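Working notes for the structure below.
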There are 4 protein chains.
Amino acid sequence: MTSSKQPRLGRPPASNSADTQERILAVARQSFAERGYEGTTNRLLAERAGITTGAIYHYFDSKREIYLAVDRDVGRRVFRRFREAEAGADTFVAKFEAILEVAHQMNSEDPSLARFLGAVRVDLQRHTELSEVMGVDGRLRDNAFLAAMVDHGIATGEVAPAQRELVLAFVRTVLIGLTDAVSDDLVAQRAAIDAIGALLEGSLIHPAAN
Amino acid sequence: MTSSKQPRLGRPPASNSADTQERILAVARQSFAERGYEGTTNRLLAERAGITTGAIYHYFDSKREIYLAVDRDVGRRVFRRFREAEAGADTFVAKFEAILEVAHQMNSEDPSLARFLGAVRVDLQRHTELSEVMGVDGRLRDNAFLAAMVDHGIATGEVAPAQRELVLAFVRTVLIGLTDAVSDDLVAQRAAIDAIGALLEGSLIHPAAN
Amino acid sequence: MTSSKQPRLGRPPASNSADTQERILAVARQSFAERGYEGTTNRLLAERAGITTGAIYHYFDSKREIYLAVDRDVGRRVFRRFREAEAGADTFVAKFEAILEVAHQMNSEDPSLARFLGAVRVDLQRHTELSEVMGVDGRLRDNAFLAAMVDHGIATGEVAPAQRELVLAFVRTVLIGLTDAVSDDLVAQRAAIDAIGALLEGSLIHPAAN
Amino acid sequence: MTSSKQPRLGRPPASNSADTQERILAVARQSFAERGYEGTTNRLLAERAGITTGAIYHYFDSKREIYLAVDRDVGRRVFRRFREAEAGADTFVAKFEAILEVAHQMNSEDPSLARFLGAVRVDLQRHTELSEVMGVDGRLRDNAFLAAMVDHGIATGEVAPAQRELVLAFVRTVLIGLTDAVSDDLVAQRAAIDAIGALLEGSLIHPAAN
DNA sequence: TATGAATGAGTGTTCATTCAT
DNA sequence: CATGAATGAACACTCATTCAT
């Protein structure tokens, strides 16, 4: 009668709420990173988290809510690491390089982080329902963080005040280029970071006399 | 410059078939850029092209085929402009800057081009069905083009042979950063390009004595 | 009259179990009345009763069982009041009017009663699973009660024996019309009841000579 | 290969648009009448209409739209018949009786009409999304129609001006009682109508001397 | 006595695609 | 060349119910 094959109803033995929720977040981060918001189906999340689709709604009100939760989670993690890296250096160049370095490190440890960051920009543009709710919060904080770093460069004399915006634009471009372009090719990413380091020190390009 | 007013040579105006196909391609480029592959429905394309969904299948075998056609089309256009820009300069730095400049120009003229390029990388990753068919083709050609440019830098002495890969990685990172990050903010894109120019000339960052 | 204030005899106040069950019945009556059988979810009942969905199953075997319990409860209450009203009058007309009056009164005191009665007919038709179990019971008892009242009218000479069925059909139609049509508009209900009274006394309509 | 069993894709041979739409409306009217708005599933409608669920959306934007369409359709039919019946009589009593008669007739011809009318009141109350859109329109027109009939009674002297509201409330109560209570029991409905006729002529109840 | 994690079947709706006309 | 009626598989989400704790 009660075969050991068929899954039973009711609360499964030894199931932990916080555990399941974290499992959902983890598989969601991965799937959102790989397949995007639309491409990530509840069925897929459920399968990978070892539950059924209905159970997801015990933890999150909607797919959108899952996405936002993942975004918050990723944002927090990355921001903490960035801040730590930046705090350990004292010139603008050193801070910038430290950040690139830690970005590379995180990408090695858990590629889904970087990939999610790359994907989130696209998905936010495509699904306005997401950006409306999330909005300013995370994005703005990033900008403020980078701006402070550049301002530090002005204080140390590394950056001319007049070029504040230029440097900021460059920093952003490089960071995004690194996450989007080569987040799944660690060798290329390593090369790009080294290149930027060399470039900042003036040892990458030797302008032709021309 | 390229006015759409003047009748195109001696061809009978608006041969229906070719016209419709081109209209489909144009609206598809826009929609794929804005909403991605999944987010673009046949119904939407049909509506914007002024036909019905069924009619689409007279011109393309499937949605996938439309995507590939748009990609080829965009690739060709961008490549031609890039090559022209590159040919008009004779140092590596000048070529690189010319390419950035033309990328900015194209973005001003038709934002859907840059946006599609930004989106295509994500969509290819998400829908393996697309990358399998398209595959090497376009992507590799880009790489060859950029590699040739760097090799020219080696020839002129601007780039040390040992740093070939680094420079290549940097170029790619910047190009991708520019399309993805700031393709819809022309001011920021302008700033980023200027920053790179200044950096290459050594006038952006002034390493602290420290 | 029936104050809810005075402590009910010597029983210990608020024995938890019975209290909870009654709370469930009360919120169920309201919800079934407003939203019907399908529209009433266990979650809603649980929320309004201040418990969880699982707890409901300690008191009732199923949603259906709750519905049946509410129906029995409502039936009992209404029947008691109807009987009291009827007993206090001695002609058919007076009895009928007394019943209409008490129906109006009950509707003022607790609209969920009348509304449930209006809804139950529809829900029974829609969900055969409900009527099967409940079946004859309550419905038949009502009919017997009304039939007795009409028979009394025959005894008093108010109703001709040959018109027994006609009068019964009329009484039923009016009662149902009153619960369904205007149960949430006390003014209209009042008017309808007054109209029936006048009609029975022959003072509402004055047939045209024609 | 192409077995004659499996349904083919594409447009089925000999399929007529207007025909299918009407088939959907017909089965929808029946199902909404029997099982209500919630209880009517798209799958059921599709099965009964001989199509698939997806095809429904070729004809209606949503389930709600189907409901509204059925309501409009039913409203129109009933209103036309009511008006014809009323126009053929010249006293208030005759008009009222004519209306009751035609209601009974329509119920014999197509029970789904009356049942839908009985159900619609409940479903509108339960699903505010429906009443919001439909709103005043139909309901108000009914009231205006009945009011005009009563006003005619005032003109003929059948109804005292002071009792206008009472008579109106009575008419409404009876009409609703007839649709809701006994729409599926033609014998009972016949009896109820005859009873009302007799009552209006003063031959149903003979007040006791008391 | 009650909680709340989980199930499995179901809902309305969308979509790429097919094909008779 | 084009229409538009229709399919079938998918999707996000809801619900009554179960049961370990």
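Every value quoted in this text rests on a predicted model; they were computed, and no experiment measured them. Here is how names work: the chains are called A, B, and so on, in the same order as the sequence lines, proteins then strands, and each is numbered from 1.
Distance CD1 (Ile56(A)) to C1' (dC15(F)): 16 Å, rounded to an integer number of Å. Distance CD (Glu47(B)) to C1' (dA16(E)): 15 Å, rounded to an integer number of Å. Look at OH on Tyr57(B): it is 21 Å from P on dT21(E), rounded to the nearest Å. The CD atom of Glu65(B) sits 15 Å away from the P atom of dA16(E) (whole-angstrom rounding). Put simply, CZ on Phe60(B) is 13 Å from P on dA2(F), counting in whole angstrom units. One atom, CG of Asp61(D), and another, C1' of dC15(E), lie 15 Å apart when rounded to the nearest Å. Per the geometry, CG belonging to Leu130(A) stands 14 Å off C1' belonging to dA12(F), to the nearest Å. Atom CZ of Arg35(A) is separated from atom C1' of dC11(F) by 14 Å (rounded to the nearest Å).
The side-chain heavy atoms of Leu25(C) and Arg29(C), taken from C-beta on, include no pair separated by under 4.5 Å. Residues Phe32(D) and Asp123(D) have side chains not in contact (no heavy-atom distance under 4.5 Å, counting atoms from C-beta outward). Residues Asp71(A) and Leu130(A) are not in side-chain contact: their nearest non-hydrogen atoms beyond the backbone lie 4.5 Å or more apart.
Side-chain N or O atoms of Thr40(D) include none that pairs as donor or acceptor with a backbone N or O of Arg35(D) at under 3.5 Å. Listed for the Glu34(D) side chain is no donor-acceptor partner under 3.5 Å among the backbone atoms of Arg126(C). Between the side chain of Ser31(A) and the backbone N or O of Ala28(A), no donor-acceptor pair lies under 3.5 Å.
To the nearest 0.5 Å, atoms CG (Leu45(A)) and CZ (Arg23(A)) are separated by 12.5 Å.
In this structure, Ile51(C) reaches the sugar-phosphate backbone alone: every heavy-atom distance under 4.0 Å involves primed, P, OP1 or OP2 atoms, never a base.
Under 4.0 angstrom from either OP1 or OP2 of dA6(F) there lies at least one side-chain N or O belonging to Tyr59(D). Phosphate proximity of dA2(F) to His58(B): absent, as no side-chain N or O sits under 4.0 Å from OP1 or OP2. Distances shown here put a side-chain N or O of Thr20(A) below 4.0 Å from the OP1 or OP2 atom of dA6(E). Dashed line: the shortest gap from a side-chain N or O of Thr53(D) to OP1 or OP2 of dG12(E) is not under 4.0 Å.
If you look at Phe60(A) and Tyr67(A), their ring centroids are not closer than 6.0 Å.
Annotation: of the two residues near DNA chain F, Arg64(A) and Gly54(D), the 5′-most nearest-nucleotide partner is Gly54(D).
Looking at the side chain of Ser17(A), the nearest of the listed nucleotides dC13(F), dT17(E), dA5(E) is dA5(E).
Residue Glu129(D) qualifies as enclosed at atom CD: its count of foreign heavy atoms under 6.0 Å is above 12.
Taking every heavy atom of residues 37-46 of chain B and every atom of DNA chain F, no pair lies under 4.0 Å.
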Pair pattern of DNA chain F in dot-bracket, where unpaired bases get dots and | marks partners in another strand, Watson-Crick or G-U under 3.5 angstrom: .||||||||||||||||||||
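For residues 48-61 of chain B, the side chain to side chain donor-acceptor pair (under 3.5 Å) pairs, not counting sequence neighbours, are Asn42(B)-Tyr57(B).
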